[in-house]
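Keep in mind that this is a model prediction, so the values were computed, not measured.
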Amino acid sequence: MAKAAHLPEHVLVRRFPNLGHRVKKALGKLVSKGYVARHPTRNEMTYQLTELGIEECRQMKERA
């Protein structure tokens, strides 16, 4: 996963079978808190980690 990757919602939903509605709700929360940014594309909305999101991932990794 590259830092500059923009993933469409359906790719994220596919990673968690039977939890599609929860993934969509979680994406909304992550966007509102500034961890993830939305990027409109021609056909659909894509999502990318922000610098704040990347830093939070680093901190979580260090704690683990």
Q. How many angstroms lie between atom NZ of Lys33 and atom CD of Glu56, to the nearest 0.5 angstrom?
A. 10.0 Å
Q: Work out which heavy atom in Pro40 is nearest to a heavy atom in Met45; give both atom names and the distance.
A: N-SD, 3.6 Å
Under 3.5 Å, which donor-acceptor pairs link side chains of residues 16-25 to any protein atom two or more places apart or in another chain?
none

Q) Can you tell me how far the CZ atom of Arg38 sits from the CD atom of Gln48, to the nearest 0.5 Å? A) 14.0 Å
(Q) Looking at Tyr35, is its backbone amide N or carbonyl O close enough to the side chain of Thr50 to form a donor-acceptor pair, meaning the two atoms are under 3.5 Å apart? (A) yes
(Q) As a quick check of understanding, evaluate side-chain contact (heavy atoms from CB on, under 4.5 Å) for Tyr47 and Glu9, giving each step before the final call. (A) CA-CA 7 Å; Tyr47 297 86; Glu9 185 176 288; 3.4 Å; yes
Q: Quick one: pull up CD in Glu62 and CZ in Arg58 and give me the separation to the nearest 0.5 Å.
A: 9.0 Å
Q: Inspect the surroundings of CD in Glu51 and state if more than 12 heavy atoms from other residues, nucleotides or ligands are less than 6.0 Å away.
A: no
Q: Heavy atoms only: give me the nearest Leu49-Cys57 pair and the separation to one decimal.
A: CD1-SG, 4.3 Å
Q: May I ask you to check whether over 12 heavy atoms, not counting those of Arg63, lie within 6.0 Å of atom CZ?
A: yes
Q | Gap between atom CZ of Arg15 and atom CG of Leu12 - 0.5 Å precision | A | 7.0 Å
(Q) Could you measure the distance from the OG1 atom of Thr46 to the CD atom of Glu44? Nearest 0.5 Å is fine. (A) 7.5 Å
Q: First locate atom CD of Gln59, then atom CD1 of Ile54, and finally report the distance between them rounded to the nearest 0.5 Å.
A: 12.5 Å
